[in-house]
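These notes concern the structure reproduced below.
Proteins come first, then strands; the chains are lettered A, B, ... in the order of their sequence lines, and each starts at number 1. As the structure is a computational prediction, the values presented were derived from the model and not from experiment.
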There are 2 protein chains.
Amino acid sequence: MSQGEPGIELDTSLGYMLKAAASALHSALEAVLRPLGMTITHYACLELLAQRPGLSNSELARGAFVTRQSMNVLLQALERQRLVVRAAQAPVGRALPTELTARGRRQLKVASAAVRRVEQDMLANLEFSEQDQMRRLLAACIASLTEPPASASLTSPSVRRGWRRRRRPEF
Amino acid sequence: MSQGEPGIELDTSLGYMLKAAASALHSALEAVLRPLGMTITHYACLELLAQRPGLSNSELARGAFVTRQSMNVLLQALERQRLVVRAAQAPVGRALPTELTARGRRQLKVASAAVRRVEQDMLANLEFSEQDQMRRLLAACIASLTEPPASASLTSPSVRRGWRRRRRPEF
DNA sequence: CAGTATATGTCAAACTACTGACATGAGTCA
DNA sequence: TGACTCATGTCAGTAGTTTGACATATACTG
């Protein structure tokens, strides 16, 4: 083009490619989850609870990359559907531990299988060593973007100080 | 973090890590673009037009990973702000070529610099060879998810048949 | 040529997720 | 103890996107 150095070369920009890959994955996940009557965040919430029972609303929000407000409305819906149960009162602080019900586990089981298929499709052409490599590279990108050098674990809410987590999530 | 760390795949799931990286990038981009009064899609639209002048609404939508309806409302806003101009009538078919105005180019220049900084931050700890590797891996994932083996170029709307592009975009 | 399928532009309605705001619980520090 | 800071839950309003629908333009098919 004419004007000097324009901007970013989209075709080779890793930021753009990252977005493209995430977008493709998102579409594929939506496509398999929709017939099950679930959104991606809905699925993510269930999966998180299956692997870490007792997570609070805020912790689930961080794990699903949405705001705690968004997760809150979702959680209320899931509770109405009897897919999860929340403690009536907080054991400590204000955080209310949440857990899956048997019904929630059943729904998750179906969804989880579908999601796994999508992920395997995505990695169909990658060797195991390449998958490891990709994990390493993505982790490096995440770390660089999240600045604070250490931790920020899903379940370490209070201890860390002086660093304020970025408010906005995804997508 | 007392509950027995159920070995979760989330921490090693490439799908999850991809989402995490995209989410972190999205947040970082939003943070630098917001002070400029731009959204990510807004920026993406301008950047696309800078590199491929004459792109239509639908082509811009695909390039920015949103629906053509979303891009349409954005384009109308950008046109009102005199950042872009659209052809009054289609040279062929219904597609209306769009181009940046001088004003649009000026706005893009500032945003592009900010975005470049974010991307460089993200890649700060990666060697060039690792960046190439990452490009290759992401490209493979995108290809696997998009199924149809070939093409699907940003500017090949009509030729391809028998394959319907996935409707939903991103993020 | 008629019929069908694909692309595109655009309006309107519905939704999802975010921002803003406020109150509550807990830890830190002087 | 009291002031301050931080994390959390939750309600209300809003912005950005998607879904749905329809008209129109082109290209393929038989």
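Residue-level contact check: A/Thr39 touches neither bases nor backbone, having no heavy atom under 4.0 Å from any strand. Within the nucleic acid shown, A/Leu96 comes within 4.0 Å of sugar-phosphate atoms alone, with no base atom in reach, counting heavy atoms only. Within the 4.0 angstrom heavy-atom criterion, base atoms lie near B/Ser70.
Checking side-chain atoms of B/Ser23 against main-chain N and O of B/Lys19 turns up no donor-acceptor pair under 3.5 Å. No donor-acceptor pair under 3.5 Å is formed between the side chain of B/Tyr16 and the backbone N or O of A/Ala44.
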Name the atoms and distances for all side-chain donor-acceptor pairs under 3.5 Å in residues 69-84 of chain A, with sequence neighbours left out.
from, atom 1, to, atom 2, distance (Å)
A/Ser70, OG, A/Thr67, OG1, 3.2

All N/O donor-acceptor pairs, side-chain side in residues 85-98 of chain A, below 3.5 Å, sequence neighbours left out:
from, atom 1, to, atom 2, distance (Å)
A/Thr98, OG1, A/Leu55, O, 3.4
A/Thr98, OG1, A/Leu96, O, 3.4

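A donor-acceptor contact closer than 3.5 angstrom links the side chains of A/His42 and A/Gln107.
If you measure from atom CE of B/Met71 to atom P of D/dT19, you get 16 Å, rounded to the nearest angstrom. For the pair B/Leu60 CG and C/dT10 P, the interatomic distance rounds to 12 Å; values are reported in whole Å. Between the CG atom of B/Leu74 and the P atom of C/dT10 there is a distance of 13 Å, rounded to whole Å. For A/Leu55 and D/dA7, the CG to P distance is 16 Å, given to the nearest whole Å. At whole-Å resolution of the value, CG in B/Asn72 and P in D/dT18 are 13 Å apart. In this structure, B/Tyr43 atom OH and D/dG16 atom P are separated by 18 Å, rounded to whole Å.
B/Arg68 contributes atom CZ, which lies 13.0 Å from atom CD of B/Glu59 (distance to the nearest 0.5 angstrom). To the nearest 0.5 Å, atom SG of residue B/Cys141 and atom CE of residue A/Met122 are 4.5 Å apart. B/Leu138 CG to A/Leu137 CG: the interatomic distance, rounded to the nearest 0.5 Å, is 8.5 Å.
OP1 or OP2 of C/dG9 has at least one side-chain nitrogen or oxygen of B/Asn57 nearer than 4.0 Å. Close to D/dT18, at under 4.0 Å from its OP1 or OP2, lies no side-chain N or O of A/Arg34. A/Thr67 has no side-chain polar atom (N or O) that falls below the 4.0 Å cut-off from OP1 or OP2 of C/dA17. For D/dG9, one of the phosphate oxygens OP1 or OP2 lies less than 4.0 angstrom from a side-chain nitrogen or oxygen of A/Ser58. Dashed line: the shortest gap from a side-chain N or O of B/Thr41 to OP1 or OP2 of D/dG16 is not under 4.0 Å.
Every side-chain contact (heavy atoms from CB on, under 4.5 Å) that B/Ala111 has, sequence neighbours left out, goes to B/Leu33, B/Leu36, B/Met38, B/Tyr43. Shown here are the side-chain contact (heavy atoms from CB on, under 4.5 Å) partners of A/Ile142, two or more places apart in sequence or in another chain: A/Thr146, B/Ala20, B/Ala21.
For the salt bridge (Lys or Arg N to Asp or Glu O under 4.0 Å) condition, the pairs that include at least one residue of residues 124-139 of chain B, sequence neighbours left out, are A/Glu130-B/Arg136, A/Arg136-B/Glu130, B/Asp132-B/Arg135. The stretch residues 98-126 of chain A participates, sequence neighbours left out, in these salt bridge (Lys or Arg N to Asp or Glu O under 4.0 Å) pairs: A/Arg116-B/Glu9.
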Detail all sub-3.5 Å separations between protein N/O atoms and N/O atoms belonging to nucleotides 20-23 of chain C.
from, atom 1, to, atom 2, distance (Å)
C/dG20, O6, A/Gln69, NE2, 3.0
C/dA23, N3, A/Arg94, NH1, 3.1

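Listed by residue number, A/Gln76, A/Arg86 are the residues of residues 75-93 of chain A with a heavy-atom contact under 4.0 Å to DNA chain D.
The nucleotide whose nearest atom lies closest to any side-chain atom of B/Val66 is, among C/dG9, D/dC11, D/dT18, D/dT18.
End-to-end axis angle of the helix from C/dC1-D/dG30 to C/dA30-D/dT1, using five pairs per end and rounding to 10°, comes to 40°.
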